[in-house]
Amino acid sequence: MRRNDLDWLRVIVFSILIFYHVGMFFVPWDYHLKNNILYPNLKWPMLFVNQWRLPILFVISGMGTYYALSKKSGFSFIKERIWRLFLPLLVGMLFIVPPQVYFERLSTLEFTGNYFEFWPSKTFLGSYPEGNLSWHHLWFLPYLLIFSLILVPIFLYLRNHKENLLLKLTERLASSPFGLFCLIFPLFIYNSILAPNYPSTHALVGDWFNLINYITLFFLGFIFISIKETFWKTVMHHRKIYLLCGILGFSFLLLIWLVFERSPLIYYLESLVRAFNTWSWIMTIFGFAASYLNGRNTFLSYANEAVYPFYILHQTVTITLGYYLMNLDWGLLSKFTLMVFGTFGISLLLYEYGIRRWKFIRPLFGLKQNKLTAVSVEEVPKICLSKQS
């Protein structure tokens, strides 16, 4: 039976992504558009979230793959993955991502004219950033698809041979509070050796650090859900210890960033602390979710289906809003609030009235064609209020 806490985490982590991408508009990091005033101190909460938001998402995706594969043949699973990952990626690259590139080109004066002078005549000329064809924030989809295709033979073997040595070893590690910390060592190796030589590009080709790091986390997610209650009991019972480890880990990272001068020794120390910090927060989040997010209600049923289309749509909405706000003489709070609420609100309207209700549109955004949730967005607040009363 599928775990409700995983569905809650999936919704929460993708919601954090919206806040994160809005924040990218205001910090001095490279992004498609920038506000007229940047706020360097905003990077600190974003650095905290950045340590675990993508790693935990790939672990959750590996766990979800366990359920997706549980009653399917390998061929059926591959067919479903292609249908639910490649098709939305193709639609996104054709129709969802181009407005982002268009507004970026307008902001840098590399293009002038209306959108239909840009799309399609200019949209597919060359690969981004020199050209305009890109998958932008949808990079997660081809990576997840490739991981699924590569690992499906191994996953099938693990599913059909539950007494294999790998699962037994993982179960032994997971049965002690610090056993799972052994898994920080591959992450440390990736951070210390691969990361400096293969900087993150999300371009797939040559993006070796991200490919190897994320496929490992994806694989671990499948392994953890395969050993069932052992993992969950450990993270639940020791969640406060992991929280303390996470606080200490991030505090030490801040100390390294702010106090120590760069050197080879400090770099390797930072890589080790990064791996420790990431893993501590992943186990903390799973532990608290398993303890407090086991309930299911109408909102979760609605949001869990909506989260995939929201992910596909949100950055285009954010960048569109950002383009029209970037040069206004407004403060951080006003712009940030409007962009967050605007992104959630417009994405909700597009999902509810442009995607969810149309059975031939649903597959284009990764939703099953024959499934329509019984509750609509108008009914969610009413049902939640009636349950509370």
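The figures that follow rest on heavy atoms only: side chains count, while hydrogens, waters and symmetry mates do not. Start at 1 with the first residue, then count along the sequence. The structure presented is a predicted model; accordingly, all values stated were derived computationally and were not measured.
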task = Could you go through the side chain to side chain contact (heavy atoms under 4.5 Å, CB included) check for Lys368 and Lys359 one step at a time?
result = CA-CA 8 Å; Lys368 294 179 180 178; Lys359 67 177 184 177; over 6 Å; no
Checking Phe365 against Tyr308 for the ring-ring contact (aromatic ring centres under 6.0 Å, His included) test, could you report, in this order, the C-alpha distance in whole Å, the side-chain angles of both residues, the deciding distance, and whether it holds?
CA-CA 7 Å; Phe365 291 84; Tyr308 193 4; 8.7 Å; no
Does the pair Tyr242 and Thr234 meet the rule for a side chain to side chain contact (heavy atoms under 4.5 Å, CB included), with working shown? CA-CA 10 Å; Tyr242 301 145; Thr234 299; 3.4 Å; yes
Exercise. Dump the intermediate steps for side chain to side chain contact (heavy atoms under 4.5 Å, CB included) on Arg10 and Met63, then the final yes or no.
Key: CA-CA 11 Å; Arg10 184 167 172 263; Met63 292 176 169; over 6 Å; no
Practice prompt. Check the pair Tyr31, Glu104 against side chain to side chain contact (heavy atoms under 4.5 Å, CB included), reporting the backbone distance first and the verdict last.
Written response: CA-CA 10 Å; Tyr31 195 54; Glu104 181 179 351; over 6 Å; no
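A 4.5 Å side-chain heavy-atom check between Ile96 and His136 finds every atom pair outside the cut-off. Counting heavy atoms from C-beta outward, Glu305 and Arg362 have side chains that approach closer than 4.5 Å. A 4.5 Å side-chain heavy-atom check between Asn35 and Leu325 finds every atom pair outside the cut-off. Looking at heavy atoms from C-beta onward, Ile312 lies out of side-chain contact with Val91 at the 4.5 angstrom threshold. By the 4.5 Å heavy-atom criterion applied to side chains, Leu94 and Thr123 are not counted as neighbours. Side-chain atoms of Leu187 and Tyr190, non-hydrogen and from C-beta on, do get closer than 4.5 Å to each other. Annotation: side chain of Gln100 is in contact with side chain of Thr316 (closest heavy-atom distance under 4.5 Å). Within the 4.5 Å cutoff, the side chain of Pro196 has no heavy atoms near those of the Phe209 side chain.
Just one of Ile184, Leu248, Leu255, Ile256 meets the side-chain contact (heavy atoms from CB on, under 4.5 Å) condition when paired with Val273; it is Ile256. Of the options Phe222, Phe77, Phe219, a ring-ring contact (aromatic ring centres under 6.0 Å, His included) to Tyr66 is made by Phe222 and by none of the others. Checked against Ile56 for a side-chain contact (heavy atoms from CB on, under 4.5 Å), the options Ile12, Thr278, Val13 give a single hit: Val13. Under the side-chain contact (heavy atoms from CB on, under 4.5 Å) rule, Ile319 has a single partner from Leu33, Val97, Val101, Thr343, which is Leu33.
Linking ILVMFWY side-chain heavy atoms closer than 4.5 Å, directly or via other members, places Trp29 and Ile37 in a single hydrophobic cluster. No chain of hydrophobic side-chain contacts below 4.5 Å, direct or via other Ile, Leu, Val, Met, Phe, Trp or Tyr residues, connects Met236 to Leu9. There is no path of hydrophobic side-chain contacts, each under 4.5 Å, that joins Phe116 to Leu125. Taking hydrophobic clusters as Ile, Leu, Val, Met, Phe, Trp and Tyr residues chained together by side-chain heavy-atom distances below 4.5 Å, Leu169 does not share a cluster with Phe231. Using a 4.5 Å cut-off between side-chain heavy atoms of Ile, Leu, Val, Met, Phe, Trp and Tyr, with links allowed through other members, Phe341 and Val317 fall into different hydrophobic clusters.
When all heavy atoms of Met339 and Gly322 are compared, the closest pair comes out as CE-CA, 3.8 Å. Counting all heavy atoms, side chain and backbone alike, Val235 lies closest to Met283 at CB-O, 3.9 Å. Nearest approach of Ser271 to Ser192, heavy atoms of both residues: OG-CA, 3.5 Å. Closest approach of Arg357 to Glu352, counting heavy atoms only: NH2-OE2, 2.5 Å.
Under 3.5 Å, the side chains of Arg274 and Asn191 contain no donor-acceptor pair of N or O atoms. Checking Asn277 against Trp281 by side-chain atom types alone, a donor-acceptor pair falls below 3.5 Å. Side chains of Lys43 and Asn50: no donor on one and acceptor on the other come within 3.5 Å. At a cut-off of 3.5 Å, with distance as the only test, a side-chain donor of Tyr292 or Arg239 sits close to an acceptor on the other residue. With no hydrogens or angles considered, a side-chain donor-acceptor pair links Ser73 and Ser76 at under 3.5 Å. Between the side chains of Tyr143 and Asp207, a donor-acceptor pair is found at a separation under 3.5 Å.
Between the CG atom in Leu151 and the CD1 atom in Ile215 there is a gap of 4.5 Å [rounded to 0.5 Å]. Taken to the nearest 0.5 Å, the CZ atom of Phe103 stands 12.5 Å off from the OG1 atom of Thr318. Between the CG atom in Leu17 and the NE2 atom in His21 there is a gap of 4.5 Å [rounded to 0.5 Å].
Under a cutoff of 6.0 Å and an axis angle of 45°, Arg3 and Trp232 form a cation-pi pair. A cation-pi arrangement is not found for Arg81 relative to Phe86, the charged atom failing to lie both closer than 6.0 Å to the ring centre and inside a 45° cone about the ring normal.
Annotation: Trp208, atom CH2; neighbour count of heavy atoms from other residues, nucleotides and ligands within 6.0 Å does not exceed 12. For NZ of Lys240, the number of neighbouring non-hydrogen atoms (other residues, nucleotides, ligands) closer than 6.0 Å is 12 at most. Other residues, nucleotides and ligands contribute more than 12 heavy atoms inside 6.0 Å of the NZ atom of Lys34. Annotation: Phe344, atom CZ; neighbour count of heavy atoms from other residues, nucleotides and ligands within 6.0 Å is above 12. The 12-atom threshold is not exceeded at CG of Asp30, counting heavy atoms of other residues, nucleotides or ligands nearer than 6.0 Å.
Aromatic pair Phe310/His314: ring centres not closer than 6.0 Å. Aromatic ring centroids of Tyr311 and His137 lie under 6.0 Å apart. Note: His202 and Phe140 fail the aromatic proximity criterion, with ring centroids not under 6.0 Å apart. The distance between the ring centers of Tyr302 and Phe299 does not fall below 6.0 angstrom. A distance below 6.0 Å separates the ring centres of Phe58 and Tyr214.
Taking the six-membered ring where tryptophan is involved, the planes of Phe95 and Trp119 are tilted, since the angle between them lies from 30° to 60°. Relative ring orientation between Tyr102 and Tyr115 is described as perpendicular, the plane-to-plane angle rising above 60° on a 0-90° scale split at 30° and 60°. Relative orientation of the Phe26 and Phe336 rings is tilted, given thresholds of 30° and 60° on the angle between their planes. Classified by interplanar angle (parallel below 30°, tilted 30° to 60°, perpendicular above 60°), the ring pair Phe48/Trp52 is perpendicular.
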